[in-house]
Amino acid sequence: MPVVQFFNTLSREIEGFVPRQEGRVAMYVCGSTVYAPPHLGHARMAVVFDMIRKYFEFAGYDVTFVSNFTDVDDKIIARAQEQGIPAAAVAEKNITIWEENMRRLGVALPDIAPKATAHIPEMLEMIRVLIEKEYAYIVDGDVYFRVDAIPSYGRLSGQKLEDLQVGARVLPGEKKKSPFDFVLWKAAKPGEPSWDSPWGAGRPGWHIECSAMGVHYLGMGFDIHGGGSDLIFPHHENEIAQAEACMQSEPFARYWVHNGLVKLDGEKMAKSTGNFVSVSELLQEHTSQAVRLLVAQTHYRKALDFSSSLIAEAETAVERLGLCRDRLVAAGVGMPASAIQETSLYEEVSADEKAMSAFRAAMENDFATPGAVAALFELVKRANTLLEAQDPDLEALAGAARAISEIDRVLGVVPPAKHSEGDTALLPELMQLLLDVREQARAQRDFDLSDLIRDRLDEVGIIVEDTPQGTRWRARRRQTPGL
RNA sequence: GGCGGCGUAGCCGAGUGGCCCAGGCAGAGGUCUGCAAAACCUUUUACGACGGUUCGAUUCCGUCCGCCGCCUCCA
């Protein structure tokens with residue numbers, strides 16, 4: 001089994017990955033607070049960890065992937081009150097939208113997608129222990145975690161409590177003993193969803209759910225904890241403090257992986273400022289493959305500055321991938337349709353070893369998807385070159401096709417073969433008819449007519465190409481209007 | 001104020017102490033073609049500034065300039 005190396009936020013170094021249990025990866029990725037539909041930032045996070053997960057699977061690991069939904073919090077409650085519906089309904093609706101968006105993005109379902117509200121007992125138990133061990137205190141039905149009880153607090157984010165205090169925004173009238181203490185349990189206010197607890201009715205604070213669910217499903221010391229880099233402080237820091245204090249053992253998670261954020265035309269994408277693109281919006285204009293390619297072309301730890309021209313470029317590149325796949329299928333070396341929905345996929349590859357080893361080397365070097373993409377395009381060029389030959393070497397072609405397919409199981413950027421889907425069964429026959437007519441016109445050098453046919457077909461989205469091997473046609477994948 | 005990141009050819013974006021290369025998009029020329037498209041080939045004096053280390057730095061160190069993120073909810 002290969003040694004995968006990647007950057008561990010905890011050590012700030014690239015480390016060789018040694019799993020807790022030979023051949024297995026237990027990973028937890030912070031999902032979303034479902035008060036609104038996901039935006040591109042969520043999509044990047046999901047796609048990044050989807051590729052990481054699929055690479056581990058490709059490399060032969062047995063992966064357990066947990067990603068949660070935060071389905072109770074202030075914003076959800078606020079939305080519910082605005083709309084005059086129950087908070088649970090807001091959460092439920094957005095979970096459905098999330099799942100639909102992820103499906104369209106080719107993001108595999110987590111093995112477990114726990115909801116916070118379904119794990120209240122685990123959280124209560126954790127809070128109970130924390131109070132008992134005096135890591136937490138009760139004020140008017142709220143329960144707070146005492147940050148200064150943890151000497152190592154700040155290790156993940158490189159923050160020191162003293163330094164933080166300099167710039168801290170201390171709110172007056174706080175019930176907390178220290179501004180960095182954080183809430184484990186919030187006393188219920190009228191009209192809010194609440195659960196019974198030994199400290200009175202209330203609901204959990206944000207951080208406790210991930211500690212409780214992480215420990216519950218994966219156990220202390222699981223392999224990888226991931227999320228957006230904006231979660232490093234304080235969310236992940238707090239998760240660590242709670243879990244390790246409660247369980248009296250460490251570490252909570254052994255490797256921490258954080259993806260960079262998405263910017264929109266140079267500014268941070270954030271719902272609060274209205275500066276964001278929703279996933280639904282994006283997928284209305286663009287293919288999921290283009291979105292995934294866009295994500296894969298930038299290293300996951302760097303900021304990704306989104307713009308309409310970038311996604312348009314990605315769309316063009318995806319078109320190139322799709323054309324190659326179509327030609328391979330037409331050449332009879334059939335590439336299986338993109339397997340981005342599959343999750344179990346380790347197979348010995350013998351196709352184009354050079355590209356495959358470049359792909360592996362890239363992925364095992366801190367999940368360098370840009371290098372993986374380069375390897376993929378090298379294979380496409382190779383396949384296209386082979387296809388140019390009068391009498392293509394089918395064996396070599398099959399090898400290239402196979403390698404492309406293998407890489408794409410992880411990346412999920414090659415569109416499915418055309419012709420095989422959608423449309424009506426009659427279309428190929430009608431097309432043949434039109435092309436036959438056009439061919440006769442051309443034979444008689446009636447180019448006015450032949451061009452008319454081609455132009456009119458182009459208007460309805462069908463592209464006709466004359467090649468040395470004969471005339472072929474294809475449907476245009478997607479219009480790419482400027483955003 | 002504290003912590004962290006980034007600055008690479010027209011654009012996006014990898015990478016490396018010297019040797020021959022990322023990759024994508026765009027542009028130019030060519031092959032093919034009635035034309036076009038696709039594909040392939042070729043091509044466009046890249047490494048923010050200034051010092052230092054070194055036989056040699058875009059790559060290591062320092063300073064500076066510029067941009068950005070986190071420190072409050074946030075993927």
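Lettering follows sequence order; numbering is per chain, from 1.
Residue A/Arg320 has a polar side-chain atom (N or O) positioned under 4.0 Å from OP1 or OP2 of B/C40. Between A/Lys302 and B/A14, a side-chain N or O to OP1/OP2 separation shorter than 4.0 Å is present. At the phosphate of B/C41, OP1 or OP2 sits under 4.0 Å from a side-chain N or O atom of A/Lys381. For A/Arg301, no side-chain nitrogen or oxygen approaches OP1 or OP2 of B/G5 to under 4.0 Å.
Between B/C19 and B/U59, the two C1' atoms lie 15 Å apart (nearest whole Å).
The aromatic ring of A/Phe377 is not stacked on the base of B/G24, since the criterion of ring centres less than 5.5 Å apart with planes inclined by under 30° is not met.
Here A/Asp74 pairs with A/Lys186 in a salt bridge; the nearest charged N to carboxylate O distance falls below 4.0 Å. Note on A/Arg438 versus A/Asp466: salt bridge recorded, some NZ/NE/NH1/NH2 to OD/OE distance being below 4.0 Å.
For a distance-only test at 3.5 Å, the side chain of A/Asp305 fails to qualify as a donor-acceptor partner of the base of B/C68.
In this structure, B/C70 forms a base pair with B/G2, meeting either the Watson-Crick or the G-U wobble geometry with both donor-acceptor distances under 3.5 Å.
Atom CG of A/Leu379 and atom C1' of B/G24 are 15 Å apart (whole Å).
Enclosure of atom CD in A/Glu395 is not indicated, since only 12 or fewer non-hydrogen atoms of other residues, nucleotides or ligands lie within 6.0 angstrom.
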